Amino acid sequence: MTTHDSTPVTGSASDAAADTAADTAFASASADDRRAVTGKRRIAFAVYVADVGRLPGLQALLRSLALTNPALCEDVVVLHPGLPDAAFDAAHRLHPRLIPRTAAGPHDVFRLDDYDTVIALTPALVVLGRIDDLLRLRTGVAAVPRPSPDGVPDDGLLVIQRQDLDHPVPPAAVPDIPESLLVPLDSRYDFRALRLGDDLAVPDGVVVLNFAGAQATCTGPAHEVRARHDLDDEAFRAAYLALPGAKHPDLLLHLALPFPAGSRSPIDLVRQLAEIHRGRGHHDLAVALLGEAVAGRPDLPRCHETLGVCLMALSRYEEAETHLLLATASPDFAPRAYGQLARLAWLLGRTEDARGYALAGLESDPTDANCRAWYARTSEMVTTVAGAPDTSPGEQLAHVALFAEGDENAGDKVLPEAVRSCFTADTGPGRWHQQHAHLLVDEDGLERLNARRAVIVGGGGLFLPDTAPNGNSGWQWNIPDDVLARITAPLAVFAVGYNVFDGQRYRRERFAASLRALVERSAFFGLRNHGSVARVRELLPASLREKVRYQPCPTTVARHLDVRLAEPAVREDTVLINCAYDRAGLRFGHDYGHFLAEMAAAIRAISGAAEVRYAAHMPADERFVDDLRREHGLTLPVEPLYLLSNDTIRDLYRRTRLVIGMRGHAGMIPFGCGTPVISLVSHPKLAYFLADIDRPDWGVSVHERALGARLAERALAVLADHPAAVADVHDRQRTLWSVTRENLALLRELTRLPDPFGEPGPGAGPVVPAPRSAAGEDRAAPSLRTAPPTP
């Protein structure tokens, strides 16, 4: 079966393709930007174009950059003295993130204050190789050394770290760069074509070739190299699409779509573009592309599988099942398709069908882990239903949440139990009816919810668009608006988080409408940090914003929920580290190598004071241990938390001396058990939590330049005076417990249940910590970019 067929794109698919440029612009505009919170480094290219005569050089530069670095797509700021907007039309066709901006002169590249790293280029340059090393530079102003009256060249490549320009540059001034800040680059990053004359070949290894001062009429090997980048749009697009290996989604969409009229585009390219749309939550665009491509083509199983998954994400379940069944016709794709069919049937409450699909997948491939997991889950569900306690529904609370199973996220296993502990001492099925958030709430599901005493939604980061996407709500609870409106049982949203990643793109319309309906219907609406409160209020009309309250995650007050979590008599002399790798590109950007090296340095420093071990919340988390051993020769013992019971997880965190964690619950669970924590901030929610407890200095951005030194300094300070650090955790925790007790008093009016903790003592009113930083959202989540070293 061939995978290189071509297919015409017409009608609705071509309409979708024609809209892609506008859609890409919308996607960029709607990217969630919280870099001031996470400390994520902002990178841009900058090019000064003095007049229209330099525009062909700019276009050749853009083509060369794309063809040699196809997986790279950062902002390109084109500085100019006031050229008309239309002058940049040709350049816009070459790059999706071109930003023309008026400037006083070429030295305005030093004044781009909205970026952290600026790679300054000129229209006289062409890029011939990979520039990854330039993106990884973190200090000073880098350039190829050569005599210059201004201290830095003005006709070549520069890599500028804005953080090191410690004073504002006046608009009319040429920056005075101290010699101590100059970082020498190898000549291959700015090689002068003048050195070659008309007969010498460009040396192997040259990454950037500079034609400054070279006559345009000159001939020779260097100019032949440059001429290869003087392509028309069609030839450039074809050259880019023909490149092997990874391509940046922004560039690929921009250069592939719209397809030329009447063309037959390779089916693999159509599917690849659909996967990009799918990854961004634009499932409707993916369906438009694939739907026409596979029409009358049952011999395209991979496309049918992708189409089925996208239709499922739009809650078009019958169509999705049809296409996934078509995909099972191929032995190569049958196991994956059956795994998706099992998930689809499970979403619809068809447990026996789900188990049947999973079994069919295992018959196709007995080693398929996904089908095996679905078979185990659905078999357990049948057993659980058969052995369910005989409890009156009216005596139960319904709990809508994520319920992790098998080797899924350990934090999502501990969290539901912690939520239930806030309401009842009995957290089992006798008191609670479990409703997985991803299951479609149909008429039968609505009836089951309404039969309960109350419906509790939470906790966890349910406000996230791309985990089990659905077209009914746009977030993780799969409930249509009309069904939500008919919930008659008291409804409470409890400790839910807004979990969108920094830089993540998503369409807000469906989510915002569902969110509004949810807030209107809820008798209580509590979010687990002030950052989430601020973000959700942004999406609501003014009349509903005050309904959004602060309710800490119950894992952070675990010592108050369970008397068994009292301070241990003896702690193990260990430090536990955790890292996360879901959406690694959004977490690390171009800084993963830097992060790994800095962590290796920190671990070596900390190891002299305690044994460093690794706490994996998921199997994927163990990548850190593998990379650390391969790149830096360090081996860490691993604690596979995903295989442990909730009690064992809490006990492990309770008995260690310090936890350094990147996952939200790798900080919140140990904190709730009374253990000091340091957060590796790669997601806004970690900074939000630290702001809520007024301890932003307990966090270090994964992008921090001096990450290793700061982390080691903070960790060693905790270990040196551990009793004081534990006392500080207990003190911070009391404020969260006070807020929780106040909210639970309100919720008892909904549940009509007794207080499982007894009445609070005298004067135990709510105590809300006052963050120390500026007002607004930044007050709730202070910047980690310039945080001072921990004293």
Side-chain angles (χ1 to χ4, degrees), residues 1-14 16-17 241 244-247 249 252 256-257 259 263-348 350 353-375 378 468-469 471:
M1 182 179 298
T2 179
T3 59
H4 300 284
D5 297 337
S6 296
T7 182
V9 179
T10 58
S12 60
S14 60
L241 296 177
K247 299 179 179 66
L252 183 55
L257 296 175
F259 294 129
S263 69
R264 296 181 63 84
S265 300
I267 192 65
D268 276 354
L269 176 61
V270 174
R271 188 195 59 79
Q272 190 176 5
L273 299 179
E275 287 285 6
I276 293 173
H277 285 316
R278 173 191 169 194
R280 294 178 170 180
H282 300 173
H283 299 97
D284 54 338
L285 296 180
V287 168
L289 280 173
L290 282 173
E292 195 160 338
V294 304
R297 296 292 307 274
D299 59 327
L300 300 173
R302 194 173 185 185
C303 290
H304 282 289
E305 181 205 3
T306 301
L307 179 55
V309 172
C310 293
L311 287 165
M312 200 189 325
L314 295 172
S315 299
R316 292 164 58 177
Y317 296 117
E318 289 186 18
E319 297 169 79
E321 193 163 14
T322 297
H323 287 282
L324 289 171
L325 285 169
L326 286 170
T328 65
S330 166
D332 293 335
F333 296 97
R336 284 183 10 186
Y338 276 123
Q340 293 293 348
L341 284 163
R343 176 171 166 264
L344 186 153
W346 172 79
L347 288 174
L348 301 179
R350 294 160 38 195
D353 288 347
R355 185 163 59 165
Y357 281 138
L359 183 58
L362 289 174
E363 290 171 349
S364 299
D365 179 3
T367 67
D368 189 86
N370 190 39
C371 287
R372 185 165 299 280
W374 277 114
Y375 185 74
T378 50

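Hydrogens, waters and symmetry mates are skipped; everything else that's a heavy atom, side chains included, is used. If you're wondering where the values come from, they're calculated on a predicted model, not measured in any experiment. Residue indices begin at 1 and follow the sequence shown.
Counting heavy atoms from C-beta on, the side chains of Leu241 and Leu252 come closer than 4.5 Å. Within the 4.5 Å cutoff, side-chain heavy atoms of Phe259 are placed close to those of Leu257. Side-chain contact check for Val287 versus Arg316: some heavy-atom pair is nearer than 4.5 Å. Contact annotation: the side chain of Met312 approaches that of Leu324 to within less than 4.5 Å [non-hydrogen atoms, C-beta and beyond]. Between Gln272 and Val270 there is no side-chain heavy-atom pair separated by less than 4.5 Å. For the pair Arg280/Pro249, a side-chain contact is recorded, criterion being any heavy-atom separation below 4.5 Å from C-beta on. Contact of the Tyr338 side chain with the Asp365 side chain is not registered, since no non-hydrogen atoms from C-beta on lie closer than 4.5 Å.
Of all non-hydrogen atoms in Cys371 and Gly361, the two that sit nearest each other are SG-CA, 3.6 Å. The two atoms that bring Phe333 and Ala327 nearest to each other are CB-O, 3.9 Å, heavy atoms only. For Ala286 against Cys310, the heavy-atom pair with the smallest separation is CB-SG, 3.7 Å. Smallest separation of non-hydrogen atoms from Pro366 and Arg372: O-NH2, 2.7 Å. Residue Ser364 comes nearest to Pro335 through the heavy atom pair CB-CG, 3.9 Å, listed as atom of the first residue, atom of the second, then distance. Residue Tyr317 comes nearest to Leu344 through the heavy atom pair O-CD1, 3.7 Å, listed as atom of the first residue, atom of the second, then distance.
Going from atom OG of Ser330 over to atom CG of Asp299 covers 10.5 Å, rounded to the nearest 0.5 Å. Rounding to the nearest 0.5 Å gives a distance of 14.0 Å between CG of Leu273 and NE2 of His282. A distance of 14.5 Å separates CG in Leu289 from CZ in Arg278, rounded to the nearest 0.5 Å. Atom-to-atom distance recorded for Arg343:CZ and Leu348:CG is 10.5 Å, nearest 0.5 angstrom.
Without hydrogens or angle criteria, Thr328 side chain to Leu325 main chain gives a donor-acceptor distance under 3.5 Å.
Test Asn370, Asp368, Leu359 against Tyr375 for side chain to side chain contact (heavy atoms under 4.5 Å, CB included) and you get one pass: Leu359. Here the rule is side chain to side chain contact (heavy atoms under 4.5 Å, CB included) with Leu307, and of Leu300, Leu290, Leu326 only Leu290 fits it.
In this structure, His323 and His304 have parallel ring planes: the angle between them is below the 30° cut-off, well short of the 60° mark.
In summary, Glu305 and Arg302 do not engage in a salt bridge, as defined by a charged side-chain N under 4.0 Å from a carboxylate O.
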